[in-house]
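A short write-up of the structure that comes next.
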Amino acid sequence: MARRPQLTLLSNAGAGNGVGADWPGGRGLFMVDANFGGGNVALQQQSPSGAWLPLNTEGTATPISLTANGVANFAAPAGQIRAVSTTATAVNAYAVGVPTNNGG
């Protein structure tokens, strides 16, 4: 069985942009725990032109932006992803791969 990715996007971080991490493509869970203090933590992916764009909750047109500890599901092609924190402190954010049911 192939190992699913588990990326640390932010570790005990404050407000600001995380560093890009290599996402292999596919479905994942964006997990965040933080002291939000009215802030949020969003998930972004880098476009081929280099712009950072919001990733949406899988199957919707709603950008992922958590305002409390929680999890959001996403699907993204291979490329760089990052977490972006606004106002929140002690932010821990992760992207964890989810297996796909491919009948095998």
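- Contact record, N73 with I64: O-CD1, 4.0 Å, taken as the closest heavy-atom pair.
- Here CG of D22 is found 9.5 Å from CD1 of I81. Values are rounded to the nearest 0.5 Å.
- Shown here for L10 and G18, the closest heavy-atom pair between the two residues is CD2-CA, 3.6 Å.
- N92 and D33 are linked by a side-chain donor-acceptor pair at a separation below 3.5 angstrom, with hydrogens and angles left out of the test.
- Counting only heavy atoms from C-beta outward, the side chains of Q45 and F74 never approach each other to under 4.5 Å.
- Smallest separation of non-hydrogen atoms from W23 and L7: CE3-CD1, 3.8 Å.
- Here the shortest heavy-atom pairing between V32 and A93 reads CG2-CB, 4.0 Å.
- With rounding to the nearest 0.5 angstrom, the CZ atom of F30 is 15.0 Å from the CD atom of E58.
- Inter-residue side-chain proximity for Y94 and L29 is flagged as unmet; no heavy-atom pair is nearer than 4.5 Å.
- Minimum interatomic distance between G37 and T87 (heavy atoms only, all atoms of both residues): O-CG2, 3.6 Å.
- No side-chain heavy atom of N56 sits less than 4.5 Å from a side-chain heavy atom of T62.
- Annotation: side chain of L66 is not in contact with side chain of V71 (no heavy-atom distance under 4.5 Å).
- Between L53 and Q44 the shortest side-chain heavy-atom distance does not fall below 4.5 Å.
- Taking each heavy atom of V41 and F36 in turn, the nearest pair found is CG2-CE2, 3.8 Å.
- Rounded to the nearest 0.5 angstrom, R27 CZ and R4 CZ are separated by 11.0 Å.
- In this structure a side-chain-to-backbone donor-acceptor pair under 3.5 Å is missing from N40 to S85.
- For the pair V19/R82, no side-chain contact is recorded, criterion being any heavy-atom separation below 4.5 Å from C-beta on.
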